[in-house]
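See structure below.
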Amino acid sequence: MPIDIDTLNGPQREAVVTTEGPLLVLAGAGSGKTRVLTYRIANILEQNLAAPWEILAITFTNKAAAEMRERLAQLVGTRSRGMWVSTFHSMCVRMLRADAERLGFTKNFTIYDTDDLKRLYKDIMAELNIDPKRFPVNQLMNRISQAKNDLVTPGNFDAHDPVGKVAERVYERLQERLRAANAFDFDDLLLYGYLLLKNHADVREAYQDRFRYLMVDEYQDTNRAQYAITQLLAAKRRNIMVVGDDDQSIYSWRGADLRNILEFESDYPEAKVVKLEQNYRSVGNILAAANAVIANNQHRKEKRLFTDSGDGEKISVYLATDERDEGRWIAGEIDRRRSEGTSYNNMAVFYRTNAQSRMLEDMLLRAGVPYRIVGGTRFFDRAEIRDVMAYLTLVMNPADDIAAKRVVNVPRRGIGKTTIERIDQYGREMNMPFLTAAELAVVDPDIRASTRNAVGEFIQVIKDGATYGGDLRKVVEMIIDKAGLIRALQDEGTDEARGRVENIQEFLGVVDEFVQTHDAEESDFAAPTVGEDESVEPVRVLRGDSLADFIEWVRLRTDLDTVTEDGQAVTLMTVHSSKGLEFDCVWVAGMEETLFPHMNSVGDAAAVEEERRLAYVAITRARKRLCLTCAQQRQIFGQTHANPVSRFIGEIPSELRQTSGLGSAGFSGTGWEKRGSRRGIAGSGTEAGEGRVFGRSSASGAQGRSFAEYRAATGTGRAAGSIGGASRAGSGRIGAGANPNAGKKEGARATFAAGDAVDHKTFGRGTVVKVDGDTLHVKFAKTGQTKKLLKDYAPIVKIG
DNA sequence: TCAGAGCAACTTTTT
DNA sequence: GTTGCTCTGA
Ligand SMILES: Nc1ncnc2c1ncn2[C@@H]1O[C@H](COP(=O)(O)OP(=O)(O)OP(=O)(O)O)[C@@H](O)[C@H]1O
């Protein structure tokens, strides 16, 4: 089946058939860059110019990678199987797994996320006697992260300011500690990936020989490390295609450097440049607005961008009185669009900062609009899940001190701060991992016998864990069991503990999901090895049967990766997360000065330009309809601020806009949005036990989303089906609107009376014991306490 | 050694 | 509005 390049326009086709030599596609939003890249790969495969293992495609997120793989499968069927389509970070993990020893690490290294890393920083700062008051951890972390992204190693770190001097010391110690723990942080993946290629010529050549074709999407947001890796990989064959839009560069704070794409032509003087000028995504008005806004940036390459589709509706601007009104209006509009036939999946609400999601969530909840949130607290960030992960990690990598210290006394074994400190210090003096030092502590007569026993017990859990074999799910279950994590929680007997147990059990569901989505068909080609025969097809490695694979998968997973078409729900996310996506209807909330553009950026011309690019990204995600909202006043930090309307709104020509709000104009309420009345969604009651009305687990308190919600959002392909009823039940409860139709009519205008069963977003289920004007007295089952709540404000709905 | 209370700083954006 | 830290009393 030849691929159908007739659906492409002239320049797109040109890019697709230009298979040899460097190629730059620099083009505006929605012009089909990603599509071109995908078709180009399909074409290369179709023409037998390269085998699938000889092609490397880099995307910005894992989700984008998965989508591209899927798209390729549609185009060329099974031929694309096993191809390396991944993010820079994932690719580096693979490279490092193959050759970790060269860098003084072992294959079973751990990847530290921000939370782990912060612990390590605090540890180091205590060790080096650095006062976190004078030198904030975050500041040091940023500084060092920046250095890593710029490929500055501790030896080259040359700072003269006070913070820099301190950072220099911390950086040096950090790398020592990470190496000792056999761990990489996110930035290290790139840094060491680069160093591996740079310093080991034979390894570098193996990669250069393997990959005949190299393609990088979203090239405008690559940082120095990613750029350098790309350069090294492409150096030999120079068959590199990069795709991007300088107007969509929004990650400079993470080290992304526009020069990488702007200077592509000087890096590769023989490069062919293709411009795409037709936008296939948005209607005329939206495109005109985007063009007008971005034109205000001084430092950019002028680009033409047109569309053949009609003007469409005007851009609607809603001036809300406050953030509550804003959310309420958006919910109402979503409802309206939905009744006009747009599915929830084709709608999205964006915001500049994660903190803004709270009010939006609350209002959608009241409106009965199902939503899913991208970002914020993740399921895997919950304490109990992190504990489980720490045990698993430790079994795989006993040198991981952060993990060891995290769970040495979880569940409570009576190992206190003093003992931990003692073991830690001994370990550091003797230059050995915490776990080894702990082993010696078992025979240390200076430590109480009971404590020594407890330490011995802990070590045994880890040692036994390493001997378990077979089925991944079984292994994980056995480790959890041996550690006694569930038992300890059950003994607590509180509702909160029960919620945690539930989460751990749901975590086991994640393991199943992982195993099922990583079957033999999904296996990837093994990493290149030194001296391999180019003509022989590399073996394909199943990356889904080991603890190491699972842990890596969890670590590199982001919430964005969980956005699927499964279930009907509106998507809520930051503008940053929306890059590369598209929706029929888009609402952008918080279009105010100091929020968007953010106050930290105002006053710095370059930063304002980046904010404007961000606005450009937001606007260009919309296919048919765009609404921008702002609030006259808004609570930030618990204080009320009155901010002017964002300059970006003013930059949209007024004839393209239609303004409403501030009072009543343009809003036809239906009654539910009034304070005090609401459409509670009586739980569809699919889950055994307590039905959850809210997206958060009522049993486990307010931290993070419930797994049910998470899973609903994940429900990837086949896994969703195989989890079966549970999964479907889950997807019915993404966010608020359990069943999109439920509660729509009859649930409206709920008032409260004594005896009503209610569900509170934070406190869970309860019963109204008394109604006192606007004040409800609710007795909550979980705490047994009675709380006074203002019925107009509390996130509460009537159930049953 | 540990739990709970009280308090402080926090939020710009993420692989 | 929350999360993580310190302090205190048992
Ligand atoms: N030649 C074409 N004919 C019809 N539709 C097209 C064509 N090219 C692209 N599209 C559609 O336009 C939309 C945008 O394409 P794509 O996501 O590849 O653009 P992009 O340039 O990568 O966008 P952005 O930079 O904004 O992420 C997609 O829905 C795609 O299917």
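The sequence lines fix the lettering, A, B, ..., with proteins before strands; numbering per chain opens at 1. What you see is a predicted model, and the numbers here were worked out from it, not measured in a lab.
- A/F109 and A/F184 have their aromatic ring centers within a separation under 6.0 angstrom.
- Between B/dT14 and A/S577, a contact under 4.0 Å exists linking OP1 or OP2 to a side-chain N or O.
- Within 6.0 Å of the CD atom in A/E421, the count of heavy atoms belonging to other residues, nucleotides or ligands does not exceed 12.
- Under the salt bridge (Lys or Arg N to Asp or Glu O under 4.0 Å) test applied with A/D116, the options A/K405, A/R555, A/R406 reduce to a single match, A/R555.
- In this pair, A/Y251 and A/F60 present their aromatic rings tilted. The plane angle is within the 30 to 60° band.
- For the pair A/Q146 CD and B/dT15 P, the computed distance is 18 Å after rounding to whole Å.
- Between A/N354 and B/dT11 there is no side-chain polar atom (N or O) within less than 4.0 angstrom of OP1 or OP2.
- Proximity of A/K122 to the phosphate of C/dC5: a side-chain N or O atom is located under 4.0 Å from OP1 or OP2.
- Residue contacts shown for A/N138 are limited to sugar-phosphate atoms, with no base heavy atom under 4.0 Å away.
- In the set B/dT1, B/dT12, B/dT14, the nucleotide with an atom closest to the side chain of A/T353 is B/dT12.
- Phosphate proximity of B/dT15 to A/S90: absent, as no side-chain N or O sits under 4.0 Å from OP1 or OP2.
- Ranking B/dT15, B/dT14, B/dT12 by closeness to the A/E611 side chain, first place goes to B/dT12.
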Study note, to complete from the structure: DNA chain B in dot-bracket form (Watson-Crick or G-U pairs under 3.5 Å, [ ] crossing, | inter-strand) is |||||||||......

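- Nearest to the side-chain atoms of A/F186 among the listed nucleotides C/dT2, B/dT15, B/dT12 stands B/dT15.
- In this structure, A/H598 packs face-to-face on the six-membered ring of B/dT12, meeting both the 5.5 Å centre cutoff and the 30° plane limit.
- Across the protein-nucleic acid pair, A/I636 atom CD1 and B/dT12 atom P stand 10 Å apart, rounded to whole Å.
- Ring geometry for A/F514 versus A/W553: interplanar angle of 30 to 60°, hence tilted.
- Between the OH atom of A/Y112 and the P atom of B/dT15 there is a distance of 21 Å, rounded to whole Å.
- A straight line from CG of A/L556 to P of B/dT15 spans 10 Å, rounded to a whole angstrom.
- Atom CZ of A/R224 sits in a sparse spot, with 12 or fewer heavy atoms from other residues, nucleotides or ligands closer than 6.0 Å.
- In this structure, the CZ atom of A/R422 is 11 Å from the P atom of B/dT1, given to the nearest Å.
- Between A/F105 and A/Y192, the ring centre distance stays below 6.0 Å.
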Just the atom pairs and distances: protein N or O near nucleotides 2-9 of chain B's N or O, under 3.5 Å.
from, atom 1, to, atom 2, distance (Å)
B/dC2, OP1, A/N409, ND2, 3.4
B/dA3, OP1, A/R412, NH1, 3.1
B/dA3, OP2, A/R412, NH1, 2.4

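- Taking only distance into account, the side chain of A/H89 meets the base of B/dT15 through a donor-acceptor pair shorter than 3.5 Å.
- Both A/Y251 and A/P136 lie near DNA chain B, and the one whose nearest nucleotide falls closer to the 5' end is A/P136.
- To the nearest 0.5 Å, atom CE of residue A/M591 and atom CZ of residue A/R647 are 11.0 Å apart.
- A salt bridge does not link A/E218 to A/K33: none of the charged nitrogens lies less than 4.0 Å from a carboxylate oxygen.
- The CH2-P distance, from A/W253 to B/dT11, rounds to 13 Å in whole Å.
- Within the nucleic acid shown, A/F88 has no heavy atom closer than 4.0 Å to any nucleic acid atom.
- Protein atom CD1 of A/I250 is 10 Å distant from nucleotide atom C1' of B/dT14, rounded to whole Å.
- Proximity of A/S601 to the phosphate of B/dT12: no side-chain N or O atom is located under 4.0 Å from OP1 or OP2.
- For A/Y426 and A/F434, the ring centers are positioned 6.0 Å apart or more.
- Relative orientation of the A/F583 and A/F350 rings is perpendicular, given thresholds of 30° and 60° on the angle between their planes.
- When the side-chain nitrogen and oxygen atoms of A/T418 are compared with OP1 and OP2 of B/dT1, one or more of them lie within a distance under 4.0 Å.
- In this structure, A/F60 places its CZ atom 7 Å from C1' of B/dT15, rounding to the nearest Å.
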